[in-house]
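Because the structure is a prediction, the values reported are computed rather than measured.
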Amino acid sequence: MGFQRSPSSKQKVKPISKENNDENGGDHSINERTTSNPPDSVTSDASYNSWMMEHPSALGSFDKMMKAAKEKKIAVFLNYDGTLSPIVDDPDRVFMSDEMRAAVREVAKYFPTAIISGRSREKVMGFVELCNVYYAGSHGMDILAPPRPVKACEGKYHTLVPGKKGNEVLFQPAKKFLPAIQEIIKELEEETKKIQGARIEDNRFCISVHFRQVREEDYSILQEKAKAVLRNYPDFDLSEGKKVMEIRPSIEWDKGHALEYLLDTLGLSNPNDVLPLYIGDDRTDEDAFKVIKGRGQGYPIIVSSTPKETKASYSLNDPSEVLTFLLRLSRWRKSSSSSKQLAQIWGIGY
């Protein structure tokens, strides 16, 4: 796992498409989706059922998954937007429900649990408001984790900080890019201020250009302005998620690397007895899904109400199904005679 610059010195602007970036905002059943289908306007029953055969419901497959998890250590990783909270028009109002917060708190009693988000770490901590989980913001470029022996190549990216749980470590492999990030934000704000609905969000080590409220006819203008600003910053990449353009430093670090780093930090790097479980809905979560698939052990779960290309093995329809899954997971562990012992081993509290 590394975090060196990509070899090319040219700006890499990844292909941007508006397809499959919107989020269905309707209510969905939290029951197992063995027979449910999306609206005809989204996709045909046949294509959806075919996709579900390849990515079966994690609720419908729960017993099978947990049977394979016996005698294994499970670590839980969760995206925030679109996973623990619904997608909304205002990115500052992506609040998780009290029920979801309670479910995550309960899961974290029994399993090492981390939130890995594109948001800044401080924002996610403010949304989640839990002290028994670990946080990785800026797509994993800002991680707060327990201290561990530092590898030689990582030393300059670590900062020891006092915390409620004792000393903790900030791992920030993109620190040198902070001045440039602030320059880009100022330029983007100036260039896009006349585009109605455009929103520039400072996520500390990355920048989000939100266009959920931008008129369709203004989208291409916003896209071109973002590209024009980045032509002067070849050390940054531009990609797109759900109604948002993401600008990140061109380093070899993503949510997949963050997952590996946290597993290593928590003493859970052995793929033979550890099952990482990652639930996410965005394109950036695919990097974590890829890592889990490469380990040959674990459960990558996509949150989506429509068929989409993904490396995930299982699916959940929306955050309400994520809530149901987390509740079942904590109940499953609670019913185990070794649950209290496991919680004490990992020091995650009761």
Side chains of [X] and [Y], donor plus acceptor under 3.5 Å:
| X | Y | answer |
| --- | --- | --- |
| E187 | Y233 | yes |
| S208 | N203 | yes |
| D235 | S250 | no |
| Q172 | D142 | yes |

Does this structure show an ion pair linking [X] with [Y], if we count only N-O contacts that are shorter than 4.0 Å?
| X | Y | result |
| --- | --- | --- |
| E183 | K186 | no |
| R328 | D63 | yes |
| E201 | R119 | yes |
| D282 | K255 | no |
| K242 | D81 | no |
| R283 | E246 | no |
| R199 | D92 | yes |
| D218 | R215 | yes |

Handout entry: Note, R121 side chain near L170 side chain (heavy atom, < 4.5 Å)
Key =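 A side-chain contact under 4.5 Å exists here.
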Handout entry: Parallel, tilted or perpendicular: ring planes of Y299 versus Y314, cut at 30 and 60 degrees
Key =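 Correct class here is perpendicular.
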Exercise for the section: For the pair F62 and F325, name the ring-plane relationship: parallel under 30°, tilted 30 to 60°, perpendicular over 60°. Expected result: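 Rings of F62 and F325: perpendicular, over 60°.
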Practice task
May I ask you to check whether F205 and F177 place their ring centers less than 6.0 Å from one another?
Solution key: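 When the ring centroids of F205 and F177 are compared, they turn out to be at least 6.0 Å apart.
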